[in-house]
Amino acid sequence: MNYWLMKSEPEEFSIDTLKKIPNQTEPWDGIRNYQARNFIRDEMKPGDLAFFYHSNCEQPGIVGIMKIASKPRPDHTAFDLQDKHYDPKSDPDNPRWFLVDVKFKRKFKRVISLSELREQIRLQDFKLLQKGNRLSVMPVTKKEWEYILSLE
DNA sequence: GCCAACGTTGGC
DNA sequence: GCCAACGTTGGC
């Protein structure tokens, strides 16, 4: 089983929104970065767990946990002219972009903020904290996962 | 293939 | 709103 971290701007889609959806499951669409796409398409499996990270907001940080709830499949929003993530270069017969469903698991009692994560000597190698990192989907090691959980 | 210009991400 | 650090695009 793999562990992940997935970013979303809470004004676009927050963990509270995911929690409120009737079956608490939603396609994680709109990923338009090849490295992130490769993680989704080639490595994500149903049952994997992911941190939900709120970015570009008042308090950036990890806010809870979700579960990967489907196999990877083509991101249909790339084919939708009306969609903000429309990409004419993604051919339905040879899709460029992929997504998985995510299912709400739990929300942390508090935000484990980016600044707090940066203070952790044991997270020095954590991908999220590397200079210039802009990946919106990234792997988390088991050690990192467990250590971050211990901070809650 | 190089690289300048441009667009995006995301912290602050 | 600013801007650093990318990633992408397209002319050559």
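Below, read A as the first sequence line, B as the second, and so on, with proteins coming before strands; counting in each chain starts at 1.
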How many whole angstroms separate atom [atom1] of [X] from atom [atom2] of [N]?
X      : N     : atom1 : atom2 : result
A:E9   : B:dT8 : CD    : C1'   : 10 Å
A:W97  : C:dT8 : CH2   : C1'   : 10 Å
A:D87  : C:dT8 : CG    : P     : 11 Å
A:N56  : C:dC6 : CG    : P     : 17 Å
A:N33  : C:dA5 : CG    : P     : 18 Å
A:E58  : C:dG1 : CD    : P     : 16 Å
A:L128 : C:dC6 : CG    : P     : 14 Å
A:Q35  : C:dG7 : CD    : P     : 7 Å

Nearest heavy atoms of A:F108 and A:I62, plus distance in Å: CE1-CG2, 3.5 Å
In short, A:P74 meets A:L99 closest at the heavy-atom pair O-CG, 4.1 Å
Where does the angle between the aromatic ring planes of A:F51 and A:W145 fall among parallel (under 30°), tilted (30 to 60°) and perpendicular (over 60°)? parallel
Determine whether any donor atom in the side chain of A:R134 lies under 3.5 Å from an acceptor atom in the base of B:dT8, or the reverse, and answer yes or no. yes
Using a cut-off of under 3.5 Å, enumerate the N/O to N/O pairs linking the protein to nucleotides 9-11 of chain C.
from  : atom 1 : to    : atom 2 : distance (Å)
C:dT9 : OP1    : A:K89 : NZ     : 2.9

A:W28 and A:F52 aromatic centres sub-6.0 Å: yes
Any sub-3.5 Å donor-acceptor pair from A:S113's side-chain atoms to A:V111's backbone N or O? no
Within a 6.0 Å radius of atom CG on A:N23, are there more than 12 heavy atoms belonging to other residues, nucleotides or ligands? yes
